[in-house]
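Quick caveat, the model's predicted, so the values are computed rather than measured. In this chain, residues are counted from 1 in sequence order.
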Amino acid sequence: MPALFAFVVAVTVLSLVATVQANVLVTINKTTQRMTVSAGGELLYDWRVPTGRSGRDTPSGEYRAFRMEKDHYSKEWDDAPMPHSIFFTRVGHAIHGSYETAKIGSPASAGCVRLAPENAETLFALVEEQGVLKTTVKVVGDLRIALARRPSRSA
């Protein structure tokens, strides 16, 4: 009987560890300008985002997040604030907060994926809790379709 008890305890502990440390999947759709966030296969968030604008497209593909910075400032773009940055390409593409919330929902960035500040803070906390190296960033969709859907500025 003690062996059975030990086995049950071990299985319970392993299942709790698996629940606590779930893989995070961040999917960015350039066509719809939306981001979904799942952990352990469960959809947690669905947010509007701006991805890269024409000439500065966010690269499509599947990436492993590898670095996080709570208070990052861009070295390329006049020390622009990038709060709650999660970097996913070696050339500097990140998911981060932006105070330019009027541009959320249409391609507007220099290649990064922007979030409303409160959403960036939420995502940062989740990735920090679950582990940056357990976070996959998947970028799909077509910038050209998103650009074609934008309302005309001449109206």
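Taking each heavy atom of L147 and S54 in turn, the nearest pair found is CD1-CB, 3.9 Å. The shortest non-hydrogen separation linking S109 to R56 is O-CB, 3.9 Å. The heavy-atom pair separating K134 from R64 by the smallest distance is C-NH1, 3.8 Å. In terms of heavy-atom proximity, V137 sits nearest to A65 at CG2-CB, 4.5 Å. When all heavy atoms are compared, the tightest approach of M35 to I95 is CE-CG2, 3.6 Å. The two residues S106 and P50 come nearest to each other via the heavy atoms O-CB, 3.1 Å.
Pairs passing the ring-ring contact (aromatic ring centres under 6.0 Å, His included) check and including a residue from residues 31-55, sequence neighbours excluded, read Y45-W47. Applying the salt bridge (charged side-chain N to carboxylate O under 4.0 Å, His left out) rule to pairs touching residues 29-41 yields K30-D57, R34-D46, sequence neighbours excluded.
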Between side-chain atoms of residues 80-88 and protein atoms elsewhere (two or more places apart, or another chain), which donor-acceptor pairs fall under 3.5 Å?
from, atom 1, to, atom 2, distance (Å)
S85, OG, M82, O, 2.6

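Between the side chain of T58 and the backbone N or O of G52 there is at least one donor-acceptor pair closer than 3.5 Å. Without hydrogens or angle criteria, R48 side chain to I104 main chain gives a donor-acceptor distance under 3.5 Å. The closest donor-acceptor contact from the side chain of Q130 to the backbone of A22 lies under 3.5 Å.
L25 has its side chain out of reach of V37: every pair of non-hydrogen atoms, C-beta onward, lies at least 4.5 Å apart. Inter-residue side-chain proximity for M68 and V132 is flagged as met; some heavy-atom pair is nearer than 4.5 Å.
Taken to the nearest 0.5 Å, the CG atom of L143 stands 8.5 Å off from the OG1 atom of T31. Once rounded to the nearest 0.5 Å, the distance linking OG of S60 with NZ of K138 reads 11.5 Å. Considering CG of N29 and OG1 of T36, their distance stands at 8.5 Å, rounded to 0.5 Å.
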Criterion side chain to side chain contact (heavy atoms under 4.5 Å, CB included) on I28 and V140, from CA distance to verdict: CA-CA 6 Å; I28 297 134; V140 300; over 6 Å; no
What do the steps show when you test H72 against H96 for side chain to side chain contact (heavy atoms under 4.5 Å, CB included), and what is the final call? CA-CA 9 Å; H72 184 77; H96 63 81; over 6 Å; no
Before you tell me yes or no, could you show the steps for V24 and T136 under side chain to side chain contact (heavy atoms under 4.5 Å, CB included), namely the whole-Å CA-CA distance, both residues' side-chain angles and the distance that decides it to 0.1 Å? CA-CA 6 Å; V24 175; T136 300; over 6 Å; no
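Figure legend: R90 and Y63 shown without cation-pi pairing, the cationic atom not lying both under 6.0 angstrom from the six-membered ring centre and within 45 degrees of its axis.
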